[in-house]
Amino acid sequence: MTEIDLDHHRSGDAVTAELRADVVAGLTAERKWLPPKWFYDAEGSELFEKITQLPEYYPTRSEREVLAAHAGDVAQLTGAHTLVELGSGSSEKTRLLLDALTGHGTLEAFVPLDVSESALAEAAEAISKDYPGLTVRGVVGDFTQHLDLLPGGQPRVVAFLGGTIGNFLPAERAAFLRSVREVLDEGEWLLLGTDLVKDPGILERAYDDAAGVTGEFDKNVLRVINTRLGANFDVDEFEHVSHWDAENEWIEMRLRARRALTVDIPGADLTVEFAEGEHIRTEISAKFRPAGVEEELAAAGFALDRWWTDSQQRFGVSLARSVRG
């Protein structure tokens, strides 16, 4: 594969300090929690790619169906010179956009951003090889912190796919969308993937598959803490749980202690007690309604231009233009 440069905005020491702060805040809270971004070391990224191929996990297939049908529309409407992908992972679905934009003749650069250096490097190198006329600049960073450091010429389209926007609490989501708007000039674009409200049974199966891959992915956050902070979590003493919260219209992923436990986390100077059956919330995955998506985009400074769904109306992809504040 062709070697490419990566821009690093997360040093190892900074990542450890950030993890330490999150662990202290989350595991000393009355209701324990951990942010989902800590799933994604090399092993976690591989597990998530396996999840996207599971029969129960419809979002990836549904979003791919939408992009296959409408990537050409994105290229025609945006005429983008730069495609920025936030939380790019393997960038597999993004190839549909790359094909359309390069075919349209406007695309000059692809800028994938991800917290996982291993997943980012592999994807960026593969795309650099397969699209030889394209400038590929990978950015190792956190899309909640490093948006203002993204390279690339205008006009840009920022793609935030996979329904990852649902991992934010509502106030966090509003702040994030505003931060994307702040780095874009008027008339530049946001392509957003949003998982839609649907039958709770479909949702719960998608987040608790029969093969147990999602459970291993969920537990990986504990492995990351063990590795980076020297903790002694016994991963097998926690079980994965998914729960549909009808009031908030989101799925919660949790880890439940099988018995009373004491965990030492030397790198955070912390000892944590778990009661039998106590939960750590590791992720929320909000589900959306079309009118709500349009309202949230408008509040952040975007005007909805196009709204597309898959044939089963399980997943929505919106194309929105940044407008004058």
Side-chain angles (χ1 to χ4, degrees), residues 6-51 86-89 113-122 139-146 164 167-169 172 176 207 212-242 252-285:
L6 299 179
D7 293 343
H8 287 80
H9 299 306
R10 298 179 95 228
S11 70
D13 288 346
V15 171
T16 300
E18 188 179 337
L19 173 61
R20 182 185 303 115
D22 284 342
V23 164
V24 171
L27 296 187
T28 60
E30 184 177 354
R31 297 182 64 188
K32 294 180 174 67
W33 56 270
L34 290 166
K37 66 183 176 184
W38 299 115
F39 292 138
Y40 295 98
D41 63 354
E43 182 177 358
S45 295
E46 290 179 9
L47 285 167
F48 184 72
E49 289 304 314
K50 291 180 181 178
I51 288 171
L86 306 181
S88 58
L113 180 149
D114 202 87
V115 295
S116 173
E117 180 175 354
S118 58
L120 179 68
E122 184 177 351
V139 178
V140 182
D142 184 333
F143 49 65
T144 66
Q145 300 176 32
H146 302 124
T164 308
N167 294 155
F168 294 108
L169 292 165
E172 296 170 338
F176 171 75
Y207 289 85
V213 181
T214 309
E216 286 304 304
F217 174 68
D218 197 3
K219 293 177 185 180
N220 199 59
V221 69
L222 304 182
R223 299 186 187 99
V224 168
I225 297 170
N226 284 349
T227 299
R228 283 200 167 269
L229 299 180
N232 63 345
F233 278 103
D234 184 340
V235 173
D236 292 334
E237 292 292 350
F238 289 83
E239 59 182 337
H240 166 71
V241 178
S242 69
E252 286 193 8
M253 292 207 322
R254 305 172 183 170
L255 292 171
R256 180 168 58 204
R258 297 180 185 272
R259 60 180 179 86
L261 296 165
T262 300
V263 177
D264 294 317
I265 310 175
D269 193 23
L270 187 66
T271 297
V272 183
E273 303 287 343
F274 291 90
E276 180 180 355
E278 187 173 5
H279 291 210
I280 310 169
R281 188 181 72 191
T282 53
E283 181 179 274
I284 67 162
S285 184

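A side-chain contact (heavy atoms from CB on, under 4.5 Å) with I280 is found for exactly one of L27, D218, V241, namely L27.
Between A29 and W33 the shortest heavy-atom distance is CB-NE1, 3.7 Å. Across all non-hydrogen atoms, the minimal contact from A268 to V23 is CB-CG1, 4.4 Å. Between G230 and P266, the shortest heavy-atom contact is O-CD, 3.1 Å. The shortest non-hydrogen separation linking P36 to E283 is CB-OE1, 3.8 Å. Considering every non-hydrogen atom in both V221 and L34, the closest pair reads CG2-CD1, 4.0 Å. Here the closest non-hydrogen pair linking N226 and A231 is OD1-O, 2.9 Å.
Applying the salt bridge (Lys or Arg N to Asp or Glu O under 4.0 Å) definition to pairs two or more places apart or across chains, none involves residues 261-273.
Considering only residues two or more places apart in sequence or on other chains, A257 meets the side-chain contact (heavy atoms from CB on, under 4.5 Å) condition with F238, L261, F274. For the side chain to side chain donor-acceptor pair (under 3.5 Å) test, residues two or more places apart in sequence or in another chain that qualify with R259 are E237. For the side chain to side chain donor-acceptor pair (under 3.5 Å) test, no residue two or more places apart in sequence or in another chain qualifies with R281. A search for side-chain contact (heavy atoms from CB on, under 4.5 Å) contacts involving S45 returns Y40, S116, A119, not counting sequence neighbours. Not counting sequence neighbours, the partners of F168 by the ring-ring contact (aromatic ring centres under 6.0 Å, His included) test are F176. In this view, D41 and E43, N220, V224 satisfy the side-chain contact (heavy atoms from CB on, under 4.5 Å) rule, not counting sequence neighbours. Residues satisfying the side chain to side chain donor-acceptor pair (under 3.5 Å) criterion with N167, sequence neighbours excluded, are absent altogether. Residues passing the salt bridge (Lys or Arg N to Asp or Glu O under 4.0 Å) test with R20, sequence neighbours excluded: none. Remark: E278 engages K32 in a side chain to side chain donor-acceptor pair (under 3.5 Å) (not counting sequence neighbours).
From K37, atom NZ reaches atom CD of E18 across 3.5 Å, with rounding to the nearest 0.5 Å. Distance check: W38 CH2 to D22 CG gives 6.0 Å after rounding to the nearest 0.5 Å. Once rounded to the nearest 0.5 Å, the distance linking CG of L47 with CZ of R223 reads 7.0 Å. From I265, atom CD1 reaches atom CG of L270 across 5.0 Å, with rounding to the nearest 0.5 Å.
In this structure, V263 and N232 have side chains that are in contact, with non-hydrogen atoms separated by less than 4.5 Å.
Under a 3.5 Å cut-off, the side chain of H240 and the backbone N or O of V213 do not form any donor-acceptor pair.
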